[in-house]
There are 2 protein chains.
Amino acid sequence: MRVRCTECPLRTRPAFVPKSEVEIEYINSLKRDHIRVAAGTDIIHPGQEDAEVYTLFAGWAFRYQELPDGRRQILNFLLPGDLIGLQSSLLDPAEHGVEALTAVELCVHPRNRLLQVFGDMPKLAYELTWLGAREQSIVDDNLTTVGQRGAAERVAAFIYTLYRRADVLGLVTKNSFLFPVNQTHIGDALGMSLVHTNKTIARLKRLGFFSIPNGSIVIHDPEGLARFAQYEQDDLAPRPII
Amino acid sequence: MRVRCTECPLRTRPAFVPKSEVEIEYINSLKRDHIRVAAGTDIIHPGQEDAEVYTLFAGWAFRYQELPDGRRQILNFLLPGDLIGLQSSLLDPAEHGVEALTAVELCVHPRNRLLQVFGDMPKLAYELTWLGAREQSIVDDNLTTVGQRGAAERVAAFIYTLYRRADVLGLVTKNSFLFPVNQTHIGDALGMSLVHTNKTIARLKRLGFFSIPNGSIVIHDPEGLARFAQYEQDDLAPRPII
DNA sequence: CGCTTGTTTGATTTGAATCAAACACGGTGG
DNA sequence: CCACCGTGTTTGATTCAAATCAAACAAGCG
């Protein structure tokens with residue numbers, strides 16, 4: 001059940017920068033637990049005061065924020081290797097929630113050792129900050145998508161970026177990957193109604209960009225999708241994994 | 001012209017956490033220059049490879065992102081004390097630009113000493129990360145605003161948050177502060193057209209929430225504005241200033 | 001004075017929300 | 001085994017909010 005960081009199957013992926021034995025051993029000493037969480041569970045509640053820091057080991061999750069009247073904005077989706085709760089640990093209480101989209105496995109790092117990491121391992125602390133900056137740049141992109149793109153472009157950009165992120169993780173085979181996101185999620189992420197989300201997806205399918213057969217998505221034309229979305233393709237740099 | 005950090009008039013403001021002599025002295029040793037930039041100038045160009053880290057000493061700026069066809073999303077506005085370019089220094093090239101909204105004064109910190117800070121002063125590095133998390137939480141809020149709120153709510157939330165931020169900096173006198181943002185900026189920040197932005201602002205003025213006499217804004221009813229915007233009032237925690 | 005930059009206004013069109021059902025499905029319990 | 005849910009997707013009709021189009025207007029400036 002508990003996976004030692006030295007044997008972590010994730011970190012061998014090309015998406016991640018290789019780390020020294022010493023570093024990995026230190027990270028392993030940070031890891032307090034390895035837990036499983038069912039789909040639909042909050043990993044961090046909005047307003048929580050004592051959120052820990054997690055690394056998403058397996059499965060998908062998403063960050064979200066809610067308005068008093070119940071409207072929900074999904075801020076970002078989280079894939080394996082992504083850090084969860086850095087922001088909430090620093091700025092508590094957490095002003096957003098994190099929910100498991102699928103069943104999920106998490107490496108648990110105690111938040112109270114965060115400051116200590118900065119003293120012990122400056123390089124690791126630097127990488128934590130780097131991961132925070134990367135997360136921010138994803139949200140920046142989402143804001144640009146929601147603020148500037150029309151409905152069809154939005155969906156296209158959304159699908160395309162998930163495709164790219166899944167791809168560098170090695171989750172994509174023959175342009176296809178497991179796609180646990182439903183249309184309500186997509187609507188909440190893109191700031192559009194469920195009905196309109198559905199019709200827009202249908203349109204893009206009809207245009208031949210992708211299809212979504214039972215729980216998977218197949219991207220038939222990644223380049224066309226990116227062009228359609230006015231998406232500037234940047235290469236995803238390999239990132240640290242804590 | 002050059003202001004020593006030990007005599008920095010900004011850091012005495014209640015918006016900021018007090019720091020020890022030693023820390024301030026270290027920050028001062030980091031400061032390479034103090035520069036002035038005219039309104040409308042890019043402090044960081046989109047795509048720039050060697051962005052430095054700055055602290056905004058005086059004036060307003062904003063972060064933005066552009067689509068290939070010229071549409072612009074303003075991601076966030078920056079006020080005195082805010083850090084500029086942390087994200088761009090870590091993840092270069094910068095995927096966003098930063099433009100001076102007014103004439104601006106900046107403290108320049110050389111980006112190549114960033115890693116060194118992590119080794120020298122863990123606490124300071126921690127605070128850098130903290131500032132990054134804070135910046136992110138502002139963008140999170142903006143995304144929720146643009147994704148979930150209607151036009152009038154958006155403008156209300158926008159004005160209200162700027163009011164709060166200006167207030168803790170001591171920039172507000174009798175509910176009024178200098179307001180260098182024009183309607184094009186507001187539209188680009190909120191993802192709405194110029195015309196509609198104008199009409200929405202007019203509506204809120206008519207409702208008596210605020211007025212904008214020559215370059216200043218007066219908030220007649222802050223609480224009402226926050227309620228109208230469905231904005232959860234959280235107290236702005238004092239923050240570090242680097 | 002004519003220019004530019006920013007604001008305001010009215011008329012028209014359009015994209016997206018809303019309303020209202022139906023449908024497809026996998027699961028479950030009678 | 002089949003009727004009955006619940007969750008998620010799909011469809012069509014209607015309304016509404018926001019974009020677009022087109023000007024006019026105000027203020028500051030060389």
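So that the names make sense, note that chain A is the first sequence line, chain B the second, and so on, each numbered from 1. Nothing here was measured: the structure is a model prediction, and the numbers come from that model.
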Looking at every strand, decide which applies to G40(A) at a 4.0 Å heavy-atom threshold: base, sugar-phosphate, or nothing.
-> nothing

Does a side-chain N or O of Q183(A) approach OP1 or OP2 of dT10(D) to a distance below 4.0 Å, or not? yes

Sugar-phosphate, base or nothing in reach of G191(B), heavy atoms under 4.0 Å: sugar-phosphate

Between H185(B) and T200(A), the residue closer to the 5' end of DNA chain C by nearest nucleotide is H185(B)

Between R239(A) and D82(A), is there a side-chain N and carboxylate O pair less than 4.0 Å apart?
yes

- Item | Carboxylate-amine/guanidinium contact R2(B) D33(B), below 4.0 Å | no

Rounded to whole Å, CD of Q148(A) lies from C1' of dA18(D) at a distance of 14 Å

Exercise. Looking at K205(A), does any N or O in its side chain come under 4.0 Å of the phosphate oxygens OP1/OP2 on dT9(D)?
Worked result: no

Ranking dT9(D), dT11(D), dA22(D) by distance to the side chain of V195(A), first place goes to dT11(D)

From CZ of R206(A) across to C1' of dT9(D) the rounded distance in Å is 14 Å

Taken to the nearest whole Å, CD1/I212(A) to P/dA24(C) is 18 Å

R203(A) CZ to dT14(C) P, in whole Å, measures 14 Å

Here the distance between atom P of dA18(D) and atom CZ of R154(B), to the nearest Å, is 7 Å

Rounded to whole Å, the CD1-C1' distance (I201(B) to dA18(D)) equals 15 Å

For a quick check under 3.5 Å, do Q73(B) and Q65(B) share a side-chain donor-acceptor pair by atom type? no

### Message
Can you say whether a donor on the side chain of K199(A) sits under 3.5 Å from an acceptor on the base of dG15(C), or the other way round?
### Response
no

S193(A) has its side chain closest, among dT18(C), dA16(C), dA18(D), to dT18(C)

From CG of N182(A) across to C1' of dT9(D) the rounded distance in Å is 10 Å

Rounded to whole Å, CG of N198(B) lies from P of dA18(D) at a distance of 14 Å

Check D167(B) with R165(B), please: is the shortest side-chain N to carboxylate O separation under 4.0 Å?
no

request  = Answer yes when D188(A) and R71(A) have at least one side-chain N-carboxylate O distance shorter than 4.0 Å, and no when they do not.
outcome  = no

